[in-house]
Amino acid sequence: MKQGIIFDLDGVLLSTDEMHFAAWKSIADELGIPFGRTENNLLRGVSRMASLEIILGLGHMTLSEEEKQTLAERKNGRYVAFLQSLTPDVVTQEVRDTLTELHARGRKIAVGSSSKNAKLILRLTDLLKYFDAVSDGTNITRSKPDPEVFVKGAAFLGLAPDACAVVEDAVAGIDAANAGGFMSIGIGDAASYEKADAKITHIEELLNLI
Ligand code: BG6
Ligand code: MG
């Protein structure tokens, strides 16, 4: 049994991964770089600037630091504009019920997200109340696949990594969880990743796993 569960946010608790995709796609289109869902999967769990580097790499394009900053800020402006449509209603009943049941079973739960917008998203969707801790892009120096965000999340919960499971839709997130000594659970895009310790299709399946 795992005492702690650390949830990735974008693409696990909410479909904000689609908003990241739309915002990056608009930037890639402007740069003339072909960018579809397959390419977008490479960006899951990866920081904003590292995501831009991946897109530029796909287009064999080199830009100055200043130009990259401008593009990263433009992408974030569009993404944050999309986020304004979030309300508590977008959180599925399945997510709410799973988080509530984990609490009822005495588990500690945290968010472990690379995003600097995580707390804004949690506020807009009224999800903050479910979590004992939030570890996000504002308290890390290294993004997934580095385990830092999960190691800090576990520390915020007062638990060791081997007492926690991580739920992730990103290959980089599963790698991060494994590197940090956590049980890794893949969902969505990461449900077909062979390095995930366990794989689920629906978040409520967690209740039978941990
Ligand atoms: C992760 C997403 O949660 O956060 C990535 O999976 C994103 O796609 C990363 O790049 C950083 O997000 P933000 O909101 O700080 O640009
Ligand atoms: Mg994710």
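Each ligand, and each atom within it, is numbered from 1 in the order the structure gives. In what follows, residues are counted from 1 in the order of the sequence shown.
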Would H103 and Y130 count as a close aromatic pair, with their ring centres under 6.0 Å? no
With a 4.0 Å cut-off, would you call E168 and K195 a salt bridge? no
Heavy-atom distance under 4.5 Å between the side chains of K68 and E53, does that happen here? yes
Identity of the N, O or S atom of D8 lying closest to the Mg ion (ligand 2): OD2
Parallel, tilted or perpendicular, judged at 30° and 60°: which one describes the rings of F182 and F150? perpendicular
Given K144 and D8, is the side-chain contact (heavy atoms from CB on, under 4.5 Å) satisfied, shown in steps? CA-CA 11 Å; K144 300 167 190 175; D8 172 54; 3.0 Å; yes
Residue contacts for ligand 1, heavy atom to ligand atom, distance under 4.0 Å: D10, H20, L43, R44, G45, V46, S47, R48, S51, Y79, S113, S114, S115, K116, N117
If we check side-chain contact (heavy atoms from CB on, under 4.5 Å) with V149, which of these qualifies: S135, S143, S113? S135
So, D17 and the Mg ion (ligand 2): N/O/S under 2.8 Å, yes or no? no
I'd like the atom name of the N/O/S atom in D10 lying closest to the Mg ion (ligand 2). O
D169, N/O/S atom nearest the Mg ion (ligand 2): OD1
From CA spacing to verdict: salt bridge (Lys or Arg N to Asp or Glu O under 4.0 Å), R123, D126: CA-CA 5 Å; R123 269 200 305 276; D126 199 24; over 6 Å; no
E168 near the Mg ion (ligand 2): N/O/S under 2.8 Å: no
Can Y79 be reached from F35 by stepping across I, L, V, M, F, W or Y side chains whose heavy atoms are under 4.5 Å apart? no
